[in-house]
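Can you keep this structure in mind? I'll have questions shortly.
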Amino acid sequence: MDTPDPTLDLETGPAYDIERIRADFPILGRLVHGHPLAYLDNAATSQKPYSVIQAVDAYYREINANVHRGAHELSIRATEAYEEAREVVADHIGAPSASEVIFVRGATEAINLVAWTWGAAHVAEGDEILLTKMEHHSNLVPWQILAGRAGATVRYVDVEADGTLVMDDYDRLLSDRTCLVAVTHVSNTLGVVNPVAEIAQKAREADAICVVDGAQAAPHMQLDVQAIGCDFYAFSGHKMLAPTGIGALWGRREILEHMPPWQGGGEMISEVRLEGFTAAQLPHKFEAGTPNIAGAIGFAEAIRYLQRIGLERVHAWESDLTAYALERLDAVDGLEVFGPRKDRVGVISFRYADIHAHDLATILDQKGVAIRAGHHCNQPLMTHLGVDATARASVYLYNTRSEIDALVDALGLAAKLFGVA
Ligand code: 7TS
């Protein structure tokens with residue numbers, strides 16, 4: 001179901017038409033506390049364009065029915081749209097086959113799926129699971145739970161002062177005891193882009209499987225899971241213009257085929273007897289119950305939207321905006337930005353004098369500037385950085401330099417209120 005976008009010209013050409021893009025996002029026109037919204041909390045979730053909202057709306061208005069069961073027109077149409085969405089996701093990430101793409105609620109569920117299926121079947125006492133100190137809790141706690149049950153050990157690759165991974169530490173910790181390496185492609189606190197292809201290749205040489213958490217990468221860069229060379233790639237739709245409650249796990253066919261199912265229920269079986277069941281073929285084996293049909297359709301439309309603009313152009317726009325934001329923030333006395341200056345995306349964590357991040361976020365909100373404050377589900381990384389929280393501004397394809405200016409102006413107000421010299 002391809003809903004035509006009312007505002008975006010397929011032939012937009014090389015210029016990045018920011019006004020046109022902004023006009024595609026209805027929420028960007030609203031005021032917050034009497035000020036134009038400057039939405040800089042994209043790492044938490046992105047806003048949604050008309051075309052995605054319309055795709056979901058059209059599904060419910062025109063073809064709503066359950067999938068993979070009915071012989072009637074609506075169910076056939078809903079099934080087609082749902083399976084077409086899987087093809088769109090698979091093509092977008094360079095997956096060899098759509099049957100290797102499993103729809104899940106998001107990156108968290110994707111990672112838990114791997115932990116509870118591959119992990120439960122393969123991780124044994126004495127094994128080691130290798131993570132990094134910058135993992136989001138979603139790529140950390142599932143492995144801690146698994147290790148606790150299996151009697152395995154979790155080890156963590158260190159992070160440099162500038163937020164990049166200590167690759168020598170990776171080489172040192174990777175051993176024949178390592179059964180699984182799980183790493184984030186892009187840090188949700190530091191914005192750093194990790195060398196996932198190198199990490200995956202070394203994991204393979206050590207006979208370990210490699211899981212990449214792509215929650216913060218998929219929204220911003222063109223992906224090719226085969227070029228990365230990992231075994232699993234997990235990401236959420238809602239951070240890349242899609243509705244909440246939908247995401248995808250890509251896995252290598254030969255691994256997925258040998259994994260036991262996770263949740264049991266409808267959809268995931270080919271046959272059930274009183275004595276037991278036979279699991280369905282991929283990908284349905286891992287999709288128990290009625291799936292998020294509208295979400296999958298919205299996800300596919302979000303990807304089409306990104307493709308119409310072109311992720312290279314999105315990346316170029318965001319790189320310029322990030323450089324501008326870093327330049328402006330660096331010029332603020334008493335403000336410290338965490339993370340590297342290059343090979344990064346526009347997720348910018350900072351602290352400002354001794355103003356608590358939560359106070360900063362509250363003051364900024366009064367000016368319509370939405371940022372996140374807290375540990376960002378990165379508590380071990382916060383401990384490593386020696387802070388309990390950071391303020392975090394994160395940009396996306398519709399943000400502008402004037403929104404960065406609004407952020408810096410609002411920081412000036414915070415400085416006045418807190419008596420920062
Ligand atoms: N992995 C990373 C790197 C993330 O940034 C997030 C969410 C997740 C996994 C979990 O994604 P979910 O869609 O399953 O919740 N990160 C954030 C964040 O930084 N602020 O709010 C959510």
Side-chain angles (χ1 to χ4, degrees), residues 39-48 89 102-116 131-145 156-157 159 163-165 181-194 196 199 210-221 223 228 230 232-250 262 292 295-296 298-299 302 338-339 344-350 357-358 361 370-382 384-385 387 389-396:
Y39 186 77
L40 297 172
D41 193 18
N42 294 286
T45 198
S46 74
Q47 298 302 345
K48 322 300 174 198
V89 174
I102 298 152
F103 279 128
V104 287
R105 277 194 300 132
T108 303
E109 190 172 63
I111 294 163
N112 275 277
L113 192 158
V114 180
W116 290 110
L131 311 179
T132 80
K133 287 186 183 170
M134 71 169 80
E135 297 314 311
H136 185 280
H137 297 168
S138 293
N139 196 30
L140 203 155
V141 180
W143 307 119
Q144 289 180 333
I145 297 173
Y156 301 93
V157 177
V159 174
T164 53
L165 284 180
V181 175
V183 62
T184 193
H185 195 164
V186 169
S187 161
N188 66 309
T189 289
L190 303 167
V192 56
V193 181
N194 288 321
V196 285
I199 290 170
C210 180
V211 181
V212 177
D213 172 357
Q216 297 291 347
H220 306 288
M221 51 185 76
L223 294 175
I228 292 171
C230 56
F232 292 99
Y233 197 93
F235 56 113
S236 301
H238 70 94
K239 293 184 201 288
M240 50 189 294
L241 312 181
T244 51
I246 189 74
L249 172 71
W250 169 78
W262 182 26
N292 183 352
F299 194 6
F338 298 98
R344 59 165 304 146
V345 302
V347 179
I348 305 174
S349 270
F350 60 92
H358 286 129
I371 64 160
R372 185 167 172 198
H375 55 63
H376 318 301
C377 299
N378 259 164
Q379 279 180 332
L381 180 64
M382 293 291 132
H384 185 70
L385 297 173
V387 295
T390 72
R392 184 188 71 182
S394 48
V395 304
Y396 206 14

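We count ligands from 1, going down the list as the structure has it; atoms in each ligand are counted the same way.
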Has the side chain of Asn378 got a donor or acceptor atom that lies under 3.5 Å from a matching backbone atom of His137?
no
re atom 11 (O) of ligand 1, the protein heavy-atom contact at minimum distance is Ser236 OG, 3.6 Å
Please confirm whether Cys377 comes under 4.0 Å of ligand 1, counting heavy atoms of the residue only.
no
Any donor and acceptor pair, going by atom type alone, linking the side chain of Lys239 with main-chain N or O of Gly237 inside 3.5 Å?
no
Please confirm whether Asp213 comes under 4.0 Å of ligand 1, counting heavy atoms of the residue only.
yes
Polar proximity ligand 1 side, Ser138 side, N/O cut 3.5 Å exclusive
no
Among non-hydrogen protein atoms, atom 5 (O) of ligand 1 lies closest to Gln216 NE2, 2.7 Å
When distances are taken from atom 20 (N) of ligand 1, the protein heavy atom at minimum range is Arg372 NH1, 2.6 Å
So which bit of Arg392 gets within less than 4.0 Å of ligand 1, heavy atoms only: side chain, backbone, both or neither?
side chain
Ser349 and side chain to side chain contact (heavy atoms under 4.5 Å, CB included): which partner among Leu381, Thr189, Leu385?
Thr189
Restricting to non-hydrogen atoms, name the atom on Val212 and the atom on Cys230 that form the minimum distance, rounded to 0.1 Å.
CG2-CB, 3.6 Å
For the side chain of Ser236 and the backbone of His238, is there at least one donor-acceptor N/O pair under 3.5 Å apart?
no
Location of contacts on Ala215 toward ligand 1, heavy atoms closer than 4.0 Å:
side chain
Checking a contact table here: which protein heavy atom is nearest atom 4 (C) of ligand 1, and how many Å away?
His136 CD2, 3.3 Å
Hey, which atoms in ligand 1 end up nearer than 4.0 Å to a heavy atom of Ala44?
20 (N), 21 (O), 22 (C)
Listing, residues 104-115 side-chain donor-acceptor contacts under 3.5 Å, not counting sequence neighbours, or none:
| from | atom 1 | to | atom 2 | distance (Å) |
| --- | --- | --- | --- | --- |
| Thr108 | OG1 | Ser138 | OG | 2.8 |
| Glu109 | OE1 | Arg105 | N | 2.7 |
| Asn112 | ND2 | Thr108 | O | 2.9 |

Give a yes or no answer on whether the side chain of Lys133 reaches the backbone of Leu165 with a donor-acceptor pair at less than 3.5 Å.
no
Nearest to atom 14 (O) of ligand 1, what protein heavy atom do you find, and at what distance?
Thr108 OG1, 2.5 Å
Distance-only donor-acceptor check, side chains Thr184 and His136, under 3.5 Å
no
Looking only at non-hydrogen atoms, which of His376, His238, Lys239 approaches atom 16 (N) of ligand 1 most closely?
Lys239
Determine whether the side chain, the backbone, both or neither of Thr184 has a heavy atom under 4.0 Å from any heavy atom of ligand 1.
side chain
What pair of heavy atoms forms the shortest contact from His220 to Val345, and how long is it?
CB-CG1, 4.5 Å
For ligand 1, which atoms, with element, lie under 4.0 Å from some heavy atom of Asn188?
5 (O), 18 (C), 19 (O)
